[in-house]
2 protein chains.
Amino acid sequence: MRILVVEDDIKIACFIIKGLEQAGFAVDHSGNGEDGLFLAQTEPYDAAIIDVMLPGLDGLSLIAEMRKAQAHTPVIILSAKRSVGDRIKGLQTGSDDYLVKPFVFAELLARLQALIRRSTGTAEAASLAIGDLSMDLLTREVVRSGQKVELPPREFSLLEYLMRHENRVVSKTMILEHIWNYNFDPQTNVVDVLVCRLRNKVDRDFDQKLIHTIRGVGYVIKKS
Amino acid sequence: MRILVVEDDIKIACFIIKGLEQAGFAVDHSGNGEDGLFLAQTEPYDAAIIDVMLPGLDGLSLIAEMRKAQAHTPVIILSAKRSVGDRIKGLQTGSDDYLVKPFVFAELLARLQALIRRSTGTAEAASLAIGDLSMDLLTREVVRSGQKVELPPREFSLLEYLMRHENRVVSKTMILEHIWNYNFDPQTNVVDVLVCRLRNKVDRDFDQKLIHTIRGVGYVIKKS
DNA sequence: CTTCCACAACCAGAATACGCATGGGGGTAT
DNA sequence: ATACCCCCATGCGTATTCTGGTTGTGGAAG
């Protein structure tokens with residue numbers, strides 16, 4: 001899931017970005033309206049979080065421009081103003097939700113997930129399962145054969161990515177991009193290592209292996 | 001499918017090349033415009049990915065030169081510039097699509113496949129089948145008479161190539177070019193060896209042979 | 001019908017590339 | 001301050017590919 005954040009205040013931006021990344025999102029950021037608009041028009045985001053008060057092109061105009069060109073990407077507006085008027089104006093412009101600063105991060109996250117759930121139409125399964133392996137996305141609990149498995153964030157994220165692509169081969173490049181948000185070659189074996197770690201926790205102690213290697217290509221998760 | 005990549009930044013080049021290879025393409029690379037132009041003029045590529053900022057001959061001039069001489073090979077431009085003006089200039093020069101760095105590899109791949117699909121007219125099939133032999137390109141699973149067959153990358157690639165040319169004879173030279181990306185004679189019998197290994201796995205245990213030898217010419221895959 | 005030649009098929013050892021595992025160091029969060 | 005996680009480097013084992021040699025087969029000519 002890719003999120004665009006347009007926010008000029010560095011501190012707030014960092015706060016949001018880190019929070020979202022920890023929640024498993026890939027985040028791009030822009031500090032002004034023009035760059036934000038450009039990103040929105042060129043990259044396929046699943047949602048955007050936009051401040052109204054921006055240097056240059058302001059948030060509402062930005063959304064208006066986005067809506068002219070583009071399909072409906074869910075947008076959450078951030079604002080210091082709490083007047084009802086602004087709120088209405090924001091929603092009229094084409095935003096999908098409205099949050100007043102200062103806000104609690106958990107609320108932003110909850111609203112964001114709700115929006116994505118709504119827009120993707122797919123009633124965003126709260127859990128994924130393959131064979132006797134299941135993963136609860138809300139509680140971040142992973143269970144194999146009734147036995148709970150503890151996973152650090154990156155490994156959890158990788159497993160989620162694999163499970164969302166059940167039976168389909170995902171290349172190392174795609175993993176690199178999805179988990180690290182890299183668009184260049186790190187010249188190391190980080191992916192191999194992460195997969196290895198995940199396997200040790202998910203597959204090692206069990207008879208039926210779920211994570212399979214496709215040499216020269218990548219990995220698949222599947223039952224047989 | 002053969003792709004030309006012209007990009008001077010080593011890290012980005014590696015990233016793209018590996019990604020494309022993992023996706024099953026044969027990739028040639030050049031780090032500067034002159035060599036890129038030479039390759040484009042001498043080899044038959046199905047598409048090209050070209051950076052605008054290059055040492056020596058820049059990307060736009062390169063495309064212009066290509067267009068002078070040559071039939072319409074689909075081109076995707078990569079650029080660090082995000083202005084709309086540059087984008088328009090790129091598209092006017094004769095490129096077919098435009099991607100801003102940093103970009104998401106999945107998007108590059110999607111656009112590339114869309115371009116190829118458009119230019120060749122053929123809709124990219126998700127699986128291939130001949131008689132009781134079938135091959136799933138996504139999961140990379142090969143099945144003969146309901147029995148699963150494991151194939152290493154090269155053999156898989158060869159089988160895919162043969163099946164895409166069902167009932168048509170493919171010469172050894174063509175195979176060399178597509179699998180090894182060679183345009184010269186390696187003076188060895190690598191092709192024979194590879195075909196042999198593929199036969200052992202696909203044809204040996206079955207009554208009806210699918211891979212046939214045309215002496216002095218090459219090979220065909222067909223039912224009878 | 002036999003012989004010869006060219007090409008294809010097959011085999012096995014060697015070289016290589018690739019993926020896997022482990023441990024240390026640095027950074028970060030608690 | 002401590003513990004944890006993540007990145008990175010290294011070494012190891014194995015799968016896969018390449019190479020050269022050898023055997024097998026078909027076609028053409030004598």
- Message: A quick test of your reading: do over 12 heavy atoms of other residues, nucleotides or ligands sit less than 6.0 Å from CZ of Phe38(B)?
- Response: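 No, because the 6.0 Å sphere around CZ of Phe38(B) holds 12 heavy atoms or fewer from other groups.
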Could you state the [atom1]-[atom2] distance from [X] to [N], rounded to the nearest angstrom?
{"X": "Glu155(A)", "N": "dC6(D)", "atom1": "CD", "atom2": "P", "value": "6 Å"}
{"X": "Leu198(A)", "N": "dC6(D)", "atom1": "CG", "atom2": "P", "value": "11 Å"}
{"X": "Leu158(B)", "N": "dT17(D)", "atom1": "CG", "atom2": "C1'", "value": "14 Å"}
{"X": "Gln22(B)", "N": "dC18(C)", "atom1": "CD", "atom2": "C1'", "value": "12 Å"}
{"X": "Ile17(A)", "N": "dT28(C)", "atom1": "CD1", "atom2": "C1'", "value": "18 Å"}
{"X": "Glu150(A)", "N": "dA3(D)", "atom1": "CD", "atom2": "P", "value": "18 Å"}
{"X": "Glu21(B)", "N": "dA17(C)", "atom1": "CD", "atom2": "C1'", "value": "13 Å"}
{"X": "Arg154(B)", "N": "dT19(D)", "atom1": "CZ", "atom2": "P", "value": "11 Å"}

- Message: How bent is the helix from dC1(C)-dG30(D) to dT30(C)-dA1(D), measuring the angle between the end axes built from five pairs each, rounded to 10°?
- Response: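 So the angle between the two local helix axes works out to 30°.
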Among all residues two or more places apart in sequence or in another chain, which pass the side chain to side chain contact (heavy atoms under 4.5 Å, CB included) test with [X]?
{"X": "Cys196(B)", "answer": "Asn200(B)"}
{"X": "Met163(B)", "answer": "Leu128(B), Ile130(B), Leu133(B), Met135(B), Leu159(B), Ile221(B)"}
{"X": "Asp205(A)", "answer": "none"}
{"X": "Arg168(B)", "answer": "His165(B)"}

- Reading 5' to 3' through nucleotides 7-14 of chain C, protein heavy-atom contacts under 4.0 Å coded B for base, S for sugar-phosphate only, - for none: BSSBB---
- Message: Measuring to OP1 and OP2 of dT17(D), would you say a side-chain N or O of Trp180(B) lies under 4.0 angstrom away?
- Response: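 Result: no.
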- Task: Give a yes/no answer on whether the side chain of Thr188(B) brings an N or O atom under 4.0 Å of OP1 or OP2 in dT19(D).
- Result: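 True: Thr188(B) side-chain N/O within range (under 4.0 Å) of dT19(D) OP1/OP2.
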Please identify each residue that fulfils side-chain hydrogen bond (donor to acceptor under 3.5 Å, both in side chains) with [X], with sequence neighbours left out.
{"X": "Glu141(B)", "value": "Lys222(A)"}
{"X": "Lys172(B)", "value": "Asp192(B)"}
{"X": "Arg154(B)", "value": "none"}

- Is the closest side-chain heavy-atom distance between Leu109(B) and Thr173(A) below 4.5 Å?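 Heavy-atom side-chain distance check fails, nothing below 4.5 Å.
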